[in-house]
Colleague: 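For reference, the structure I am asking about is given below.
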There are 2 protein chains.
Amino acid sequence: MSTRTGRPPRLSRARIVAAARELIETHGVQALTMRRLATELGATPMAVYHHVPDKDALLLLLLEEAAATAVRPSLPADPRARLIVAARAMRDILAPVPWITEVLTADDLLSPEALWYPEAILDAAMECGLEADRAVHAYRSIWYYTAGEILIRAAADRRRSRDDRPPFREQVFADIDAEQFPRLAAVADRWAELTAADTYEQGLRALVAGLLAGVG
Amino acid sequence: MSTRTGRPPRLSRARIVAAARELIETHGVQALTMRRLATELGATPMAVYHHVPDKDALLLLLLEEAAATAVRPSLPADPRARLIVAARAMRDILAPVPWITEVLTADDLLSPEALWYPEAILDAAMECGLEADRAVHAYRSIWYYTAGEILIRAAADRRRSRDDRPPFREQVFADIDAEQFPRLAAVADRWAELTAADTYEQGLRALVAGLLAGVG
DNA sequence: ACCTGAACACCGTTCAAGT
DNA sequence: ACCTGAACACCGTTCAAGT
């Protein structure tokens with residue numbers, strides 16, 4: 001038992017992680033820089049480095065915290081319904097914090113806390129009749145679809161909120177050649193509306209139906 | 001008709017775009033910086049700005065060029081097969097140049113030249129019996145799945161090639177609690193192998209089957 | 001018109017030093 | 001142990017000037 005001496009530390013991992021999350025949630029992932037974080041904490045950049053090895057490690061801490069505090073859904077008994085519910089829950093938790101998915105894809109970082117979701121999906125898929133290998137492949141397909149939806153939607157939102165000028169897409173669609181691209185031309189003026197609709201579950205159900213076709 | 005006078009320009013849009021592509025293809029997207037590009041061209045950063053408004057505009061030029069030079073597949077007559085072929089072609093073209101997908105999601109940039117792919121997919125989906133709205137939603141689902149696959153795979157490759165230390169995932173899987181996560185524990189040692197397999201088309205076929213279920 | 005040089009306002013991270 | 005200050009090697013972009 002060592003008696004603490006000296007000044008009490010002003011910084012701590014907990015304070016740093018809290019400030020980092022605050023920064024990301026109010027100003028976006030790109031606002032999280034070691035220097036800005038230090039300023040927010042009233043310290044020098046190097047004071048942060050004394051508590052956290054580097055920026056990657058900080059992102060990992062953020063990830064673990066988010067996964068640990070996430071509320072998990074109660075799963076239905078029917079395995080097919082369970083598969084849908086678990087995937088949807090994973091997406092609903094990640095969607096409001098797209099930076100997590102950005103980190104997950106960018107660095108193959110995976111919090112131990114987050115394993116609950118692949119476990120639930122794998123388990124449901126196997127109970128639906130898929131053998132282990134096919135269940136893993138099914139999980140991968142669902143993860144591709146889910147991560148894609150979150151990343152694309154987040155990028156679109158970011159652009160919409162940040163941008164001065166109208167999206168480049170509008171100009172492309174305005175100039176579209178109806179002879180060459182008749183299908184696109186026909187829906188061009190409704191594109192924004194159609195892509196704004198939340199069709200995640202629709203697509204997920206289609207994917208799951210296709211993945212489970214011919215089994216169970 | 002103005003007669004050109006003065007020194008011939010050393011830089012040009014074409015030279016800049018070519019050097020940028022070279023830089024990306026040999027060193028990755030993150031290596032494309034205006035300063036490094038200028039150095040590569042033997043000029044100052046500002047010389048580049050004289051030919052291209054900013055970095056976003058440069059990425060757009062790169063995109064247009066890639067889409068314009070891409071080889072398009074011949075499409076089968078059967079609309080369902082056509083849907084698969086068009087989506088696969090889109091993915092096969094984007095997979096070796098994942099930075100394009102990163103740009104596409106990050107900035108909603110869309111080259112007029114690239115419209116061929118959504119047009120082909122939309123057309124095939126509608127010939128399969130989907131009405132316009134559902135066809136657009138189907139295209140979106142396919143794009144989420146495709147972009148997700150490309151981005152996640154590219155990120156994994158990047159990490160694998162760059163990294164000194166083994167992926168964090170390995171450590172997480174080594175420490176896995178078999179009581180709490182039995183399904184994951186059972187496949188943990190084969191996870192890398194299973195996720196390395198190219199299951200894009202398998203997942204695509206499942207997704208398309210699900211999207212087209214009950215029509216046509 | 002085409003390009004240079006210096007500057008501004010940033011990054012992540014290291015190194016040496018202070019208490 | 002905990003933190004500061006200065007520095008290194010970078011960014012994208014602007015401004016003023018040269019030919």
Side-chain angles (χ1 to χ4, degrees), chain A residues 1-20 23-24 27-62 99 102-103 106-107 109 158-159 162-165, chain B residues 1-20 23-24 27-62 99 102-103 106-107 109 158-159 162-165:
Chain A
M1 310 274 169
S2 68
T3 310
R4 298 279 204 135
T5 57
R7 293 156 295 167
R10 298 196 293 109
L11 256 44
S12 67
R13 269 200 173 199
R15 274 199 70 209
I16 290 169
V17 171
L23 211 43
I24 286 181
H27 297 101
V29 219
Q30 79 284 355
L32 179 62
T33 69
M34 298 302 265
R35 298 180 104 102
R36 184 157 174 185
L37 181 59
T39 307
E40 218 78 25
L41 287 161
T44 61
M46 274 319 293
V48 178
Y49 278 92
H50 194 265
H51 297 267
V52 171
D54 55 24
K55 198 181 175 180
D56 262 25
L58 177 59
L59 287 170
L60 241 167
L61 289 173
L62 249 3
W99 61 269
E102 282 165 44
V103 172
D107 274 338
L109 298 177
R158 196 162 44 228
R159 188 162 191 79
R162 154 168 67 92
D163 240 15
D164 24 346
R165 54 195 173 183
Chain B
M1 313 274 165
S2 69
T3 310
R4 298 278 203 138
T5 56
R7 294 156 295 167
R10 299 195 293 109
L11 256 43
S12 66
R13 269 202 174 199
R15 274 199 69 210
I16 289 169
V17 171
L23 210 44
I24 285 180
H27 296 102
V29 219
Q30 78 287 351
L32 178 63
T33 70
M34 298 302 264
R35 298 181 104 102
R36 183 157 176 185
L37 180 59
T39 308
E40 218 78 24
L41 287 160
T44 60
M46 274 318 292
V48 178
Y49 278 93
H50 195 265
H51 297 266
V52 171
D54 56 22
K55 199 181 172 179
D56 261 26
L58 177 60
L59 287 170
L60 241 167
L61 290 173
L62 249 4
W99 61 269
E102 282 165 44
V103 172
D107 274 338
L109 298 177
R158 197 163 43 229
R159 188 164 192 80
R162 155 169 66 91
D163 241 15
D164 24 344
R165 52 191 175 187

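As a basis for the values below, the full set of heavy atoms in this structure was taken, side chains included, without hydrogen atoms, waters or symmetry mates. Below, chains carry the letters A, B, ... as their sequence lines are ordered, and counting in each starts from 1.
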Colleague: What residue among B/V48, B/T39, B/D54 forms side chain to side chain contact (heavy atoms under 4.5 Å, CB included) with B/M34?
Modeller: B/V48
Colleague: Between B/R10 and B/L41, is a side chain to side chain contact (heavy atoms under 4.5 Å, CB included) present by the stated rule, with each step listed?
Modeller: CA-CA 9 Å; B/R10 299 195 293 109; B/L41 287 160; over 6 Å; no
Colleague: Considering only the P atoms, how many Å lie between D/dA9 and C/dA9, rounded to the nearest integer?
Modeller: 23 Å
Colleague: Which of the following nucleotides, C/dG5, D/dT4, D/dC3, is nearest to the side chain of B/T44?
Modeller: C/dG5
Colleague: Ignoring backbone atoms, establish whether A/H51 has a side-chain N or O less than 4.0 Å from OP1 or OP2 of D/dC3.
Modeller: yes
Colleague: Partner lookup for D/dA9, please. Criteria are Watson-Crick or G-U wobble with both distances under 3.5 angstrom; report none if nothing qualifies.
Modeller: none
Colleague: Strictly under 4.0 angstrom, non-hydrogen atoms only: write out the protein contact profile of nucleotides 10-17 of chain C, one letter per nucleotide from the 5' end, B, S or -.
Modeller: -BBBBB--
Colleague: Please test A/H51 against A/R15 for side chain to side chain contact (heavy atoms under 4.5 Å, CB included), starting from the C-alpha separation and ending with a verdict.
Modeller: CA-CA 10 Å; A/H51 297 267; A/R15 274 199 70 209; over 6 Å; no
Colleague: For A/R15 and D/dC2, what is the distance between atoms CZ and C1' respectively, to the nearest whole Å?
Modeller: 14 Å
Colleague: Taking the side chain as every heavy atom from C-beta outward, state whether A/L59 and A/L32 have any atom pair closer than 4.5 Å.
Modeller: yes
Colleague: With rounding to whole Å, what would you report as the distance between D/dA7 and C/dC11 at their C1' atoms?
Modeller: 14 Å
Colleague: Identify the heavy atoms of A/Q30 and A/H27 that sit nearest to each other, and give their distance.
Modeller: NE2-O, 3.3 Å
Colleague: With respect to the phosphate group of D/dC2, does any side-chain polar atom (N or O) of A/R13 fall under 4.0 Å of OP1 or OP2?
Modeller: no
Colleague: To the nearest Å, how far apart are B/H50 NE2 and D/dT19 P?
Modeller: 17 Å
Colleague: What's the shortest heavy-atom distance between B/R36 and B/A31, and which atoms?
Modeller: CD-O, 3.6 Å
Colleague: Using purine N1 to pyrimidine N3 plus N6-O4 or O6-N4 for Watson-Crick, or N1-O2 and O6-N3 for G-U wobble, both under 3.5 Å, which nucleotide pairs with D/dT4?
Modeller: C/dA16
